[in-house]
Amino acid sequence: MSVTPLLEARGIDKRFGPVQVLKDVDLTVTPGEVTALVGDNGAGKSTLVKCISGIYPIDAGEFLFDGQPVTIHGPRDAAGLGIEVVYQDLALCDNLDIVQNMFLGRERRSGLVLDEPTMEQMAAETLAGLSVRTVKSLRQHVSSLSGGQRQTVAIAKAVLWNSKVVILDEPTAALGVAQTAQVLELVRRLADRGLAVVLISHNMNDVFAVSDRIAALYLGQMVAQVKTTDVTHAQVVELITAGRSGDLGLAAEKIDNGVEYADTLTTPGAEQ
Amino acid sequence: MSVTPLLEARGIDKRFGPVQVLKDVDLTVTPGEVTALVGDNGAGKSTLVKCISGIYPIDAGEFLFDGQPVTIHGPRDAAGLGIEVVYQDLALCDNLDIVQNMFLGRERRSGLVLDEPTMEQMAAETLAGLSVRTVKSLRQHVSSLSGGQRQTVAIAKAVLWNSKVVILDEPTAALGVAQTAQVLELVRRLADRGLAVVLISHNMNDVFAVSDRIAALYLGQMVAQVKTTDVTHAQVVELITAGRSGDLGLAAEKIDNGVEYADTLTTPGAEQ
Amino acid sequence: ACGDDSGSGDSGSGTDTKTAKIGVILPDSASSARWETADRKYLEEAFKAAGVQYDIQNAQGDKTQFQTIADQMITSGVNVLMIVNLDSGTGKAVLDKAKSQGVATIDYDRLTLGGSAQYYVSFDNVAVGKLQGEGLVQCLTTMNKQKPVVAELNGSQTDNNATLFKEGYDSVLKPKYTSGDYVQGPDQWVPDWDNAQAGTIFEQMLTEKSGKIDGVLAANDGLGNAVISVLKKNNLNGKVPVTGQDATVQGLQNILAGDQCMTVYKAIKQEADAAADLAIGLAKGEKKDTTQTVKDPDGNRDVPSVLLTPKAITKETVKDVVADGFVTKAELCTGNFATLCTQAGVS
Amino acid sequence: MTTTAHHIEPVAVAPKPTVGSHIRDYLSRVGGGDLGALPAVLGLIVLCVFFAIMKPVFFSAGNFANLFTQGAAVTIIAMGLIFVLLLGEIDLSAGFASGVCAAILAQLMAEQGAPWYLAVLAAIVTGVVIGLVLGFLVAKVGIPSFVVTLAGFLAFQGTVLLLIKGGTNVSIRDDVILAIANKNIVPWLGWVLTIIGIAGYAAVVLLSRRRRAARGLVTEPLAVAVGRIAALAVILGIAVFVLNQERSRNVVVVSLKGVPIVVPIIAALLIIWTFILRRTAYGRHIYAVGGNREAARRAGISVDRIRISVFVICSGMAAIGGIVAASRANSVDANTGGSNVLLYAVGAAVIGGTSLFGGKGRVLDALLGGAVIAVIDNGMGLMGLSSGQKFVFTGVVLLLAAGVDALSRRRAAATGTR
Amino acid sequence: MTTTAHHIEPVAVAPKPTVGSHIRDYLSRVGGGDLGALPAVLGLIVLCVFFAIMKPVFFSAGNFANLFTQGAAVTIIAMGLIFVLLLGEIDLSAGFASGVCAAILAQLMAEQGAPWYLAVLAAIVTGVVIGLVLGFLVAKVGIPSFVVTLAGFLAFQGTVLLLIKGGTNVSIRDDVILAIANKNIVPWLGWVLTIIGIAGYAAVVLLSRRRRAARGLVTEPLAVAVGRIAALAVILGIAVFVLNQERSRNVVVVSLKGVPIVVPIIAALLIIWTFILRRTAYGRHIYAVGGNREAARRAGISVDRIRISVFVICSGMAAIGGIVAASRANSVDANTGGSNVLLYAVGAAVIGGTSLFGGKGRVLDALLGGAVIAVIDNGMGLMGLSSGQKFVFTGVVLLLAAGVDALSRRRAAATGTR
Ligand SMILES: Nc1ncnc2c1ncn2[C@@H]1O[C@H](COP(=O)(O)OP(=O)(O)OP(=O)(O)O)[C@@H](O)[C@H]1O
Ligand SMILES: Nc1ncnc2c1ncn2[C@@H]1O[C@H](COP(=O)(O)OP(=O)(O)OP(=O)(O)O)[C@@H](O)[C@H]1O
Ligand SMILES: [Mg+2]
Ligand SMILES: [Mg+2]
């Protein structure tokens, strides 16, 4: 914790109508490090990412960037700060081709006119670095791509730019063995170049392989943010599924809180 | 290979316009076994599944069910034969809630009227068995679910029915640790109940943990279908990424074929 | 159903000037310019002069709207309803409803077949058509055209008046066709009296006849202008006589320029004044007598009527329209038309 | 894979909801933007207040009755359109389809002297056949519905002209048909129907509550259920009471009271179609195809059949709308179903909250939106503006009504739910 | 994680395409269903042959020239609509917006005696302002575009009435404005413009080919590029040649030849808008917002600004369309931009292949679809049918033309690509 954090989230609250999804969440992201954000399905990881990138407005809390408070009203603001995100729901335009998607919103131009040759060349180089071998043409619409190919395009899109923070939400979920290795390597390389990287993943092997620091969300609460070297596999899994592990995580009474949190669920057999 | 195969695909060809995606593919699925279908991104796994379930018409080849040739013109035919599929692109109706999605096309009725209480109860039971704990209400639209929650709904939808063949296309990609374990357990349980299960996955640990047999696709060609116990991790990865491993897989000249297959790709530096 | 004579005048009795209120429903503003520019103005003037309350609305060619307006007027307490029906069906529905609520009614300009109106005030539409036919014959004769091909551009087929106009001019032209003096050319209806469509329709008539059209019977000035614009494009304007109706500024200008052969002027002020007079009488509970009646074949009754005669306008008589105050010299004699006006003796 | 420490707990245990929690829930849902019919109702109230201030006669019993008969045809056509819109399709021909059916009705009675029930049957069958043809062209041939129904729009316009032989109009003289849009039901029958309606609603609500409780599913508190029933009873009661007032301008000449006959007709259609959309597998499949056609296909739903069927429903309802329009106009002419009928009908559906992109909408939307349009038309009729002003004004008022809706939904979007 | 045995190869090595491979590719694309403009062109040919057989005069030079002026206004409005449709929005008000702009033009010239260029400027500015208002209401207030533009449809209809003071026709007497839709350019100028057009196209094709080659990207064979240029040259050459024929009925009285002035105007609009859609970042963003609004927003595109801008373009083009319509009619009346103008314009876009759901469409579609509609209208005008028959016939012919398209695209869908 000696390096000053690049991006800090403090006390983030987020509710969707009656449902509170994030509760007083803190997160610190340091440059040159990979922070793994872990948590069970529905813990609120993707929601947190979307709050950071301005897709969802937050209900309470604040963001600091380089120590300065910032307000992020939308993806443009986030991009302006140098935050680049690969979303879990990939957010590609199915009616555009690979090159067009990769440069969307940051098209290269010469004068007024789009500089297609340059973009096509840059896209090809980036994709080649991600072990993509089965794409037939860079001018193929992304709607005709396989699941893994789509994910690769989304990742390639995010790393094309000179950003300061890269957030990847389950980037390797649909990738093959070779592609996964490439992406993990890339993540490490980005951090080594001094960027702050946030990696969301359910794969503990990957998390332990590349991350410097692990942040665990449990039912919308941040239960621990620790150095990767300080914890074991089993501890992290316990944090994810139970919200605490030994002296890490929530205090016992707080966990009850967590269960109460789920109290609006419609279930059978509730006749008490 | 002593048991008669339940479902057999023979010599399947599939092209999208000028692009040939499947080339003379054979696949045998045996009841009581888990067949893992592996292959690189874009190898054609999902396409093969969609051909089997009748979503794509095939260009050549035939399907045998219980030894009888069958024609599958659409998902209705497949469902009629007892084939149930979890697609990689989950195919949920975002405007319907969880219960409605799970029973889509097979609604329970009492008389003319939908039997909502029964459906809700059955859905809750099935989901509980898949370690879903963060879903707020079964009457939530699936558009508001997290990635993992959506995937769980899709899986739950497929296993609700008494089918003979269950095909799961990367079912655990977005799932958390506990949920993944549950699904793998479920897959094993289905096979043990005598169903034929096809599991597509990029995770070799999972593949080796639950499968009885491994089928490897390489650039649209089936390069090997072997017993899981007969091969090693490394061999399978080699089959996936290179199309052959030792005496398994394609003959050397056939691999050249495979490269030629990708020859329409637009790339930079092509100046020969 | 309702066919009994409405002479008794039981409705509207007992009301005085204070509560007298007259509702008027005009049909549209597309079929002719007159409704909004002339009728509304003259009726308003007459009602104001008599000091009665009034409410004048336009149904914009929409029957549902027409009935809605009628409902609203009855609701808001008019005791005389004067309508220009869009068709006899809705017209009858409105009249019957009004009658059942004790509201007196007048058919203005268009007779509602099978209806129950107390009075009918109108120009004779068949006579209008006749004037158009005769006007065209006159122009063709002065231009000395031999066996001329005559094209007919009728109004909207869904407008009963258009049918009446056609009946009028066909009664003049048909004999000429049969006798071989004239050659019958293309004959088409223009949906909604739409001038833009009229242009295309006429352009295609001209193409189909390879330019061999010698006279055009256009049902009103708007259609006439559409025809003239196509003729102009082919430099045929002035060489092919075109008719019109309504004596609009545009039509009169076209006549002055020599592009249009005639129009029909309906002294709308007379019609409006006659109708207003009857309406004010009914509103005050008086029953006025008319000299004429018109036979309603559907309702099988004679409707007490005031029928006014239309007038054909040619270059020579343009000045009469201005003299009548129907159009002003200022609007007519703009730009190049100043000299033409003087030539035609407009003052 | 390490799979330690996962314990399968029951999904969660929900406490029995109370009246208080229910109201809190509703408020928080509304605050969160799940508004349901609220904005349309709000817009309607704003409009009514506005017109009532401008023209007090707007709030008379007579005008209230007018509203129903004026808006009936458009509302019925809009109800049918909802089904087509739910699939993300459009039917531009619905207006003139209603015209064709009305023309058939009128001609059969006028020329063939057919009895009214045969004529009505023929009209509805015509609607169904039209729907079959349109649906076939869209679903099986694959022409976009906009083009198919634009062609229909033109062709049916011509068909009406041909059927009624040019510019004439065909009068309707049959008393039964005329009664539909012009007569009222006797006051006591209005009360009887109202009571049946309320009792039916109560039965459905309470029964389904009982069935859920029997399965141990979460149910709404009894007080809330009773509250809903009471609310319906109050609204219906007031409406029927007002409509049963004498509204003749001249009681000596004629007495005019009771619920207009179209009202129970619309109510019946609303109940039937809502039942089909909400409570049957067919209705569920319509939503599924509209939400995600591919997902529906993969679920084994026969997508083509659904697509054809909605066009049949739409044209069939158009036929009924046409009959009502013919009844109201006492005649059929070449303009029946023309001019703004179609735009108003689609507008009614959209204002009510139905999406043009499919998957979202209710039959009730047609009623609410139809009411908005009828109120605007009605109120505007009272104002006595020139036609130019009237068009402009109608546009602006429509915009204001929709703006209330949009702004309240925006709040929803801001909280992230939509 | 085992990450053995992966070797980063260059993505793939594409052989230089030859003419043969190119043609084979094209055929296989067509066979696979990637049809582009083919179906619309095919439909157009079928229609022309049909009418030529029915009425040989259809194929005269004079009628060919008619086609352009008759279809011009709708085509121009359709071009603007393409932009709105690309976002999955709709603009029902485009027709009457063109009427409002035309009325402003006519009144400024008739009453204020303004010179034509000021009047044209005022008309276009009016269009832009209308677009801004519509766009603001849709994008910022959040009212669905169907409702906003339905309100606009009504309000502008009223505005036209108010502007031209009731039902009068305002004549247009200015020679420049009248020339637009009624005069032709001198034959030699037609040839000069044609040559400039072809040379420009050749320059663009060859230059972009050179730039790709310089970067080592795959390029189409030179022969194919030259072939395209030649094809364009032949088509343009024949068209100009035919239009430069004498088509006066009476050469002694007047000579009538040359390309109608609207043709170069439409061509210029086509080129400008195609350039903007295909070659600028703005155009790319329009497609992105239409394809996936959320993805576009996440990519940092200012979605609201794009949404407003397309309404501005649409209404601005409507203004130009209105001017052309006014020129053609020599006057402006309450129906200008009314009746079927809007449906025809949207129909043109959809027939050309533009999707109502957004993300798919080209400006050229408006031209092709506009041509289909103009041909139908034109041919129908020659046939001399009764109104009823004409409507029915138009509908059926429209359906047939769209059917050709749909059936050829179906083949595409059957191969799995769509
Ligand atoms: N728009 C929304 N409306 C209502 N609830 C929502 C919405 N979006 C997400 N949620 C709920 O918020 C919770 C957190 O969702 P989120 O997508 O952040 O989970 P996650 O941690 O990313 O899970 P996963 O690992 O499955 O991707 C879930 O319970 C989900 O159902
Ligand atoms: N509709 C289509 N049109 C054209 N090409 C397609 C289409 N669908 C898939 N493809 C191509 O076919 C190939 C196989 O795709 P498929 O989805 O079957 O791969 P996959 O093995 O499932 O890959 P992944 O592991 O990434 O899911 C890919 O190269 C893809 O680009
Ligand atoms: Mg997530
Ligand atoms: Mg796949």
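Chain naming here is simple, since letters A, B, ... match the order of the sequence lines and numbering starts at 1 in each.
- Among the candidates D:G283, D:A295, D:S208, the residue making the largest number of heavy-atom pairs closer than 4.5 Å to chain B is D:A295.
- Top candidate by heavy-atom pairs under 4.5 Å with chain D, chosen from B:V113, B:V85, B:D77, is B:V113.
- Residue with the most contacts toward chain D among B:D115, B:D94, B:L112, B:I55: B:I55 (heavy-atom pairs, distance under 4.5 Å).
- Both the backbone and the side chain of B:T118 have a heavy atom closer than 4.5 Å to some heavy atom of chain D.
- Ion pairing of B:D192 with B:R189 is absent here, as no side-chain N (NZ or NE/NH1/NH2) approaches a carboxylate O to less than 4.0 Å.
- Atom CD1 of residue B:I58 and atom OG1 of residue B:T47 lie 13.0 Å apart, to the nearest 0.5 angstrom.
- D:F83 contributes atom CZ, which lies 10.5 Å from atom OG1 of D:T354 (distance to the nearest 0.5 angstrom).
- If you measure heavy-atom distances from D:Y282 to chain B, you find no contacts under 4.5 Å at all.
- Put simply, the residue from B:V29, B:I72, B:L6 that forms a side chain to side chain contact (heavy atoms under 4.5 Å, CB included) with B:F65 is B:L6.
- Within 6.0 Å of CZ in B:R188 there are more than 12 heavy atoms belonging to other residues, nucleotides or ligands.
- In this structure, chain B has heavy atoms under 4.5 Å from both the backbone and the side chain of D:S302.
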